[in-house]
Amino acid sequence: MSAVLILIALVLAGATGYWALGHGRWRFDECLYMTVITLSTVGFGELSHMHLVPGARILTVVLIVSGIGTLAYVQGNLTALLVEGVIGQYLRERSMRKQIQALEGHIVVAGAGATGRHVIEELVITHTPFVVIDRNREHLERINDVMTKGKMLFVHGDATEDHFLIEAGVVRAKGVVAALTHDKDNLFVTVSARSLNANARIVAKVVEDEAMPKMIKAGASSCVSPQQIGGRRMASEVIRPEVNEFLDQMFRDKDKALRLEEVTIPDDSPLAGVALKDTPIRQKTKLLVVAVRTLDRVLLYNPEPEQILAAGSTLIVMGGAESVVALRKMVRGEG
């Protein structure tokens with residue numbers, strides 16, 4: 001914008017200069033025309049009897065020299081605007097599509113509103129790969145800049161439409177979060193996601209309690225009611241404030257990022273068939289094993305050191321996000 005203003009100012013200054021030097025000899029439109037062809041270095045011809053007007057040709061030389069620099073500046077700015085704007089956006093979107101196509105086992109978040117924003121924050125803290133779908137591009141860009149410093153993968157579109165879910169890689173996703181504003185929209189997302197991916201875990205937000213059974217029938221693995229959770233939290237704040245303070249510090253302290261996480265032991269894991277006391281979990285990750293979910297779905301709280309970790313069982317651990325990442329690598333035999 002500043003480059004264009006400089007060019008306009010130079011044109012007006014040149015035309016006014018010719019008009020003033022000519023003392024009415026030339027009309028202002030003729031002066032304007034002369035200025036434009038001079039700045040553009042086209043130079044079809046001089047104004048009539050210009051050689052008789054003192055200073056007219058000197059002004060022309062000044063305009064030519066100024067015009068070359070100004071036009072180069074304007075052209076550079078326009079080129080940068082084009083590259084950073086239209087072309088830049090195209091290249092960024094193309095790169096993002098390639099990254100999304102390479103994802104597998106990620107989370108698709110449908111909706112980046114009040115609820116979806118907190119979902120995204122948690123996924124970022126726990127280093128969980130995800131793709132966001134939302135209709136508001138400005139909102140997506142703002143979250144992208146604030147939360148992920150431009151590294152967030154997202155799809156600009158309506159999550160209730162199948163092709164946007166497919167673009168977000170829902171077919172290869174391990175989970176879907178339906179966090180749109182209205183129950184009917186989350187119902188659409190749940191039905192579509194379940195039809196596209198029979199194995200994904202789908203968690204749907206519900207506003208009205210009556211929508212829960214419908215959401216489950218539509219294919220949701222579980223439902224979450226923000227109002228219900230908010231009400232229980234308020235009651236808990238009154239009944240057990242110290243417990244709530246502990247949980248707040250655990251989940252809201254971004255520096256420590258303490259979490260309760262689950263890690264399933266693969267069939268080929270080096271920890272499969274090993275007693276808990278003989279594993280290096282505590283020594284290498286500092287994680288606390290809170291419980292073990294056995295193959296028959298029994299949840300063993302505070303497991304004994306002699307507890308054998310069978311392949312397919314799940315560890316419920318508490319600790320830092322980075323430590324959980326280390327444990328996931330350990331059970332896969334990568335560290």
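For reference, positions follow the sequence shown, starting with 1. All figures in this text were calculated on a predicted structure; none of them were measured in a lab.
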*Closest approach of Ala218 to Arg194 (non-hydrogen atoms, all atoms of both residues)*: O-CB, 4.2 Å
*Give the intermediate values and the outcome of side-chain contact (heavy atoms from CB on, under 4.5 Å) for residues Ile107 and Val109.*
CA-CA 6 Å; Ile107 306 296; Val109 181; 4.3 Å; yes
*Has Phe188 got more than 12 heavy atoms of other residues, nucleotides or ligands less than 6.0 Å from its CZ?*
no
*With distance as the sole test, does Thr279 use its side chain to make a donor-acceptor pair with the main-chain N or O of Leu276 at under 3.5 Å?*
yes
*asked:* Tell me if the CD atom of Glu304 is crowded by more than 12 foreign heavy atoms within 6.0 Å.
replied: no
*Beyond-backbone contact of Phe130 with Leu153, side-chain heavy atoms, under 4.5 angstrom*: no
*For the pair Asp134 (side chain) and Ala112 (backbone), establish whether a donor and an acceptor sit closer than 3.5 Å, ignoring hydrogens and angles.*
yes
*If you round to the nearest 0.5 Å, how far is CG of Leu21 from SG of Cys31?*
9.0 Å
_For residues Val131 and Val124: do they belong to one hydrophobic cluster (side chain heavy atoms under 4.5 Å, members Ile, Leu, Val, Met, Phe, Trp, Tyr)?_
yes
*Locate the shortest heavy-atom distance separating Thr126 from Glu122; write the atom from each residue and the value.*
OG1-O, 2.8 Å
*What's the verdict on side-chain contact (heavy atoms from CB on, under 4.5 Å) for Val189 and Val191, showing C-alpha distance, side-chain angles and the deciding distance?*
CA-CA 6 Å; Val189 172; Val191 172; over 6 Å; no
_Is there a path of hydrophobic side-chain contacts, each under 4.5 Å between heavy atoms, that joins Leu287 and Leu300?_
no
_Looking at Ser221 and Arg201, would you say the former's side chain and the latter's main chain have a donor-acceptor pair under 3.5 Å?_
no
_Test item: His106 side-chain N/O and Val170 main-chain N/O as donor-acceptor pair under 3.5 Å_ = no
*Do Arg282 and Leu288 touch side chain to side chain, with heavy atoms closer than 4.5 Å?*
yes
*Which value, rounded to the nearest 0.5 Å, describes the distance between Ile265 atom CD1 and Leu315 atom CG?*
4.5 Å
*Are Ser236 and Arg232 close enough that some pair of their side-chain heavy atoms sits under 4.5 Å apart?*
no
*CG-CZ distance between Leu299 and Arg293, expressed to the nearest 0.5 angstrom*: 4.5 Å
*Kindly compute the distance separating CD (Gln227) from CD (Glu208), expressed to the nearest 0.5 Å.*
7.5 Å
*asked:* I'd like to check Val224 versus Val203 (side-chain heavy atoms, cut-off strictly below 4.5 Å). Are they in contact?
replied: yes
*Flag yes if Ile166 and Leu180 sit in one hydrophobic cluster, no otherwise; membership is Ile, Leu, Val, Met, Phe, Trp, Tyr, and two members link when side-chain heavy atoms are under 4.5 Å apart.*
yes
*Can you tell me if CD on Glu262 sees more than 12 non-hydrogen neighbours from other groups inside 6.0 Å?*
no
_Non-hydrogen side-chain atoms of Lys205 and Pro226 separated by less than 4.5 Å_ = yes
_Residue pair Leu165 / Leu196, side-chain heavy-atom distance below 4.5 Å_ = yes
*Is there side-chain contact between Met152 and Met147, with at least one heavy-atom pair below 4.5 Å?*
no
*What is the distance from atom CD1 of Ile202 to atom CG of Asn186, rounded to the nearest 0.5 Å?*
11.5 Å
*Is there a side-chain contact (heavy atoms from CB on, under 4.5 Å) between Thr16 and Phe28 once you walk through the steps?*
CA-CA 8 Å; Thr16 304; Phe28 190 77; 4.0 Å; yes
*Could you tell me whether a side-chain N or O of Thr115 sits under 3.5 Å from a main-chain N or O of Ala179, the two making a donor and an acceptor?*
no
*Can you see which heavy atom on Val292 is nearest to which on Pro303, and at what distance?*
CG2-CG, 3.8 Å
*Rounded to the nearest 0.5 Å, what's the gap from CD1 on Ile120 to CD1 on Ile125? Could you check?*
12.0 Å
*For Leu295 and Gly312, which heavy atoms make the closest approach, and how far apart are they?*
CD2-C, 3.5 Å
*Going by heavy atoms in the side chains, are Leu260 and Val317 under 4.5 Å from each other?*
no
_Would Asn144 and Phe154 count as a side-chain contact (heavy atoms from CB on, under 4.5 Å) here? Give the steps._
CA-CA 9 Å; Asn144 188 21; Phe154 63 83; 3.9 Å; yes
*Qualifying residue, where the test is salt bridge (charged side-chain N to carboxylate O under 4.0 Å, His left out) with Arg328 and the options are Glu261, Glu334, Glu322*: Glu261
_Any carboxylate oxygen within less than 4.0 angstrom of a Lys/Arg side-chain nitrogen, looking at Glu138 and Arg142?_
no
*Return yes if a side-chain donor-acceptor contact under 3.5 Å exists between Thr294 and Ser313, otherwise no.*
no
*May I ask whether Phe164 and Leu187 are part of the same hydrophobic cluster, defined by side-chain heavy atoms of I, L, V, M, F, W, Y residues being less than 4.5 angstrom apart, directly or through others?*
no
*salt bridge (Lys or Arg N to Asp or Glu O under 4.0 Å) between Glu121 and Arg117, intermediate numbers included*: CA-CA 6 Å; Glu121 183 179 22; Arg117 184 185 179 91; over 6 Å; no
_Taking atom CZ as the centre, does Arg137 end up with more than 12 heavy-atom neighbours from other residues, nucleotides or ligands that are less than 6.0 angstrom away?_
yes
*If Ile, Leu, Val, Met, Phe, Trp and Tyr residues are connected whenever their side-chain heavy atoms lie under 4.5 Å apart, and connections chain through other members, are Leu327 and Val325 in the same group?*
no
*Does a donor on one side chain and an acceptor on the other come within less than 3.5 Å for Asp185 and Thr160?*
no
*Check: Gly150 main-chain N/O paired with Asp145 side-chain donor or acceptor under 3.5 Å*: no
_Contact summary for His127 and Ala321, nearest pair of heavy atoms_ = CD2-CB, 4.3 Å
*Does Ser192 offer a backbone N or O that forms a donor-acceptor pair with the side chain of Ser195 under 3.5 Å?*
yes
*Of the non-hydrogen atoms in Asp183 and Met215, which two are nearest, and what is the gap between them?*
O-CE, 3.9 Å
